[in-house]
Amino acid sequence: MRERRRVEETIRAMRRAGACRLQVISDFDMTLSRFAHNGRRVPTTHNILDNRLLINEECTKKMKELLNTYYPIEIDASRSAKEKLPFMVEWWTKVHELLIEQRIRKDMLAQAVKESRTMLRDGYKVFFDGLHESQVPLLIFSAGVGDVLEEVIRQNGVFHSNVHVISNYMDFDHAGVLRAFKGQLIHTFNKREGAVTQAAGLAQLHGRPNVLLLGDSLGDLTMADGVSDPHHVLTVGFLNDQVEERKELYMNAFDIVLVRDETMDVPNAILRNITSSGRLEVKA
Ligand code: TMP
Ligand code: MG
């Protein structure tokens, strides 16, 4: 934390306002899902699709090459978001074209998720269940693949009624074969546009000016830009990779930075603090 006192004051103000004034906005890949497990990378929603049920070897190879080219640019501490933006559009566009060529079948997605090594962060159940119990809406704002993301949280038993997802959704033809991606492309550095055009319209989030924002990319910081008249926004950044190179940037950008922390312990503690007191106030 760069400004511990600001963090404490923000949490106190959010607790006074209570759970009924709160919303949580979170990124998905490498924020709600783990970055690594036992020293191996955990797949992102795009990489869960790397399964012979869905794509061939040639496509796997091309997607890996693209990842090796563009991921280092995505996390490069020496380039600005503006400089990275055209590369991200290129990456996502190329990958989505490859996926469409593979004629991916909708009815195979659940099996691919089951067979993947995807994992949510430790403590995910407390996080999702707690928000549901406190009736706090959770907006998952992801540049990943929405259909895959939904399947991951469904299979983990936490796709509750308070969860809303904004992401890249697949468009299947009448036979259930992928033919396109729906709507405006979301990549890591254009989340602001999605926030203003899509998140702002979600009625379930209206009247909730306090925001807990969770992300692993500096681009995630714009996910709350659609909130009208925000009162208190607390941002938590998971710094998973290139830690030494990016620590200062992250410390200057997020209120709280979690370094190589594969758990939801800190967000859970903050939420427990904000929402439990809310309940006591109601009782009193
Ligand atoms: P997020 O917004 O849910 O974090 O999803 C975006 C992440 O997905 C971003 O960090 C880059 C990653 N990604 C892949 O791992 N493979 C891909 O093919 C693409 C296009 C993105
Ligand atoms: Mg992410």
Side-chain angles (χ1 to χ4, degrees), residues 25-36 40-51 54-55 59-76 81 84-102 104 112 116-121 138-153 163-170 181 184-195 198-199 213-224 235-242 246 250 253-254 258 261-262 264 267:
I25 304 180
S26 180
D27 169 55
F28 187 75
D29 290 303
M30 297 177 273
T31 295
L32 292 178
S33 71
R34 291 179 67 118
F35 177 74
R40 271 183 88 187
R41 286 292 299 272
V42 167
T44 59
T45 49
H46 278 98
N47 297 336
I48 287 171
L49 298 170
D50 178 11
N51 181 310
L54 303 173
I55 66 174
C59 182
T60 292
K61 201 171 141 248
K62 285 185 183 160
M63 273 177 74
K64 281 217 179 95
E65 281 166 13
L66 292 171
L67 183 76
N68 292 338
T69 307
Y70 292 104
Y71 176 68
I73 300 175
E74 184 192 357
I75 63 165
D76 186 350
K84 294 176 186 186
L85 200 133
F87 293 105
M88 296 302 106
V89 174
E90 241 174 63
W91 184 12
W92 261 256
T93 306
K94 284 179 182 168
V95 167
H96 287 186
E97 277 168 6
L98 282 172
L99 294 172
I100 292 164
E101 272 173 24
Q102 295 296 304
I104 285 178
S116 74
R117 292 180 302 101
T118 178
M119 274 179 97
L120 299 177
R121 283 185 196 273
L138 167 62
L139 172 64
I140 302 179
F141 200 144
S142 169
V145 182
D147 310 72
V148 177
L149 183 169
E150 286 194 6
E151 192 53 36
V152 173
I153 55 176
V163 176
H164 310 279
V165 182
I166 295 178
S167 188
N168 298 303
Y169 277 92
M170 291 172 153
F181 278 81
Q184 180 84 43
L185 174 75
I186 303 172
H187 57 77
T188 340
F189 293 105
N190 73 348
K191 289 191 172 181
R192 183 172 197 282
E193 286 161 52
Q198 294 189 59
L213 180 148
L214 313 175
D216 76 294
S217 162
L218 293 174
D220 293 331
L221 284 162
T222 61
M223 294 189 301
T235 61
V236 178
F238 288 90
L239 179 51
N240 303 307
D241 203 2
Q242 297 267 311
R246 297 196 293 170
Y250 272 55
F254 289 96
L258 303 173
D261 178 352
E262 294 286 4
M264 294 300 288

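The residues of the chain are indexed from 1 along the displayed sequence. We use all heavy atoms of the structure for the numbers below, so side chains are in, but hydrogens, waters and symmetry mates are not. Every number for a ligand or one of its atoms is a count from 1 in the order of the listing.
For the pair Asn190 (side chain) and Leu185 (backbone), a donor-acceptor distance under 3.5 Å is present. Side chain of Asp27 to backbone of Asp220: no donor-acceptor contact under 3.5 angstrom is found. Of the possible polar contacts, one joining the Arg117 side chain to the Arg41 backbone as a donor-acceptor pair under 3.5 Å is found. Lys191 places a side-chain N or O within 3.5 Å of a backbone atom of Phe141 that can act as its donor or acceptor partner. Listed for the Gln242 side chain is no donor-acceptor partner under 3.5 Å among the backbone atoms of Asp76. Judged purely by atom type and a 3.5 angstrom limit, Ser167 uses its side chain to pair as donor or acceptor with the backbone of Gly144.
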Does ligand 1 have any N/O atom under 3.5 Å from a protein N/O, and what are those pairs and their distances?
{"unit_1": "ligand 1", "atom_1": "2 (O)", "unit_2": "Asp27", "atom_2": "OD1", "d": "2.8"}
{"unit_1": "ligand 1", "atom_1": "2 (O)", "unit_2": "Ala143", "atom_2": "N", "d": "2.8"}
{"unit_1": "ligand 1", "atom_1": "2 (O)", "unit_2": "Lys191", "atom_2": "NZ", "d": "2.9"}
{"unit_1": "ligand 1", "atom_1": "3 (O)", "unit_2": "Asp27", "atom_2": "OD1", "d": "3.1"}
{"unit_1": "ligand 1", "atom_1": "3 (O)", "unit_2": "Asp29", "atom_2": "N", "d": "2.9"}
{"unit_1": "ligand 1", "atom_1": "3 (O)", "unit_2": "Asp29", "atom_2": "OD2", "d": "3.1"}
{"unit_1": "ligand 1", "atom_1": "3 (O)", "unit_2": "Ser142", "atom_2": "OG", "d": "2.7"}
{"unit_1": "ligand 1", "atom_1": "4 (O)", "unit_2": "Asp27", "atom_2": "OD1", "d": "2.8"}
{"unit_1": "ligand 1", "atom_1": "4 (O)", "unit_2": "Asp27", "atom_2": "OD2", "d": "3.1"}
{"unit_1": "ligand 1", "atom_1": "4 (O)", "unit_2": "Asp29", "atom_2": "O", "d": "3.1"}
{"unit_1": "ligand 1", "atom_1": "5 (O)", "unit_2": "Asp29", "atom_2": "OD2", "d": "3.0"}
{"unit_1": "ligand 1", "atom_1": "5 (O)", "unit_2": "Gly144", "atom_2": "N", "d": "3.4"}
{"unit_1": "ligand 1", "atom_1": "10 (O)", "unit_2": "Glu74", "atom_2": "OE1", "d": "3.3"}
{"unit_1": "ligand 1", "atom_1": "10 (O)", "unit_2": "Glu74", "atom_2": "OE2", "d": "2.9"}
{"unit_1": "ligand 1", "atom_1": "15 (O)", "unit_2": "Thr44", "atom_2": "OG1", "d": "2.7"}
{"unit_1": "ligand 1", "atom_1": "15 (O)", "unit_2": "Asn47", "atom_2": "ND2", "d": "3.2"}

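Protein N/O/S atoms closer than 2.8 Å to the Mg ion (ligand 2): Asp27 OD2, Asp29 O, Asp216 OD1.
Every side-chain hydrogen bond (donor to acceptor under 3.5 Å, both in side chains) that Asp216 has, sequence neighbours left out, goes to Thr31. Applying the side chain to side chain contact (heavy atoms under 4.5 Å, CB included) rule to Thr235 yields the partners Leu213, Leu221, Val233, Phe254, Asp255; only residues at least two apart in sequence or on another chain are considered.
Closest approach of Trp92 and Ile186 over heavy atoms only: NE1-O, 3.4 Å.
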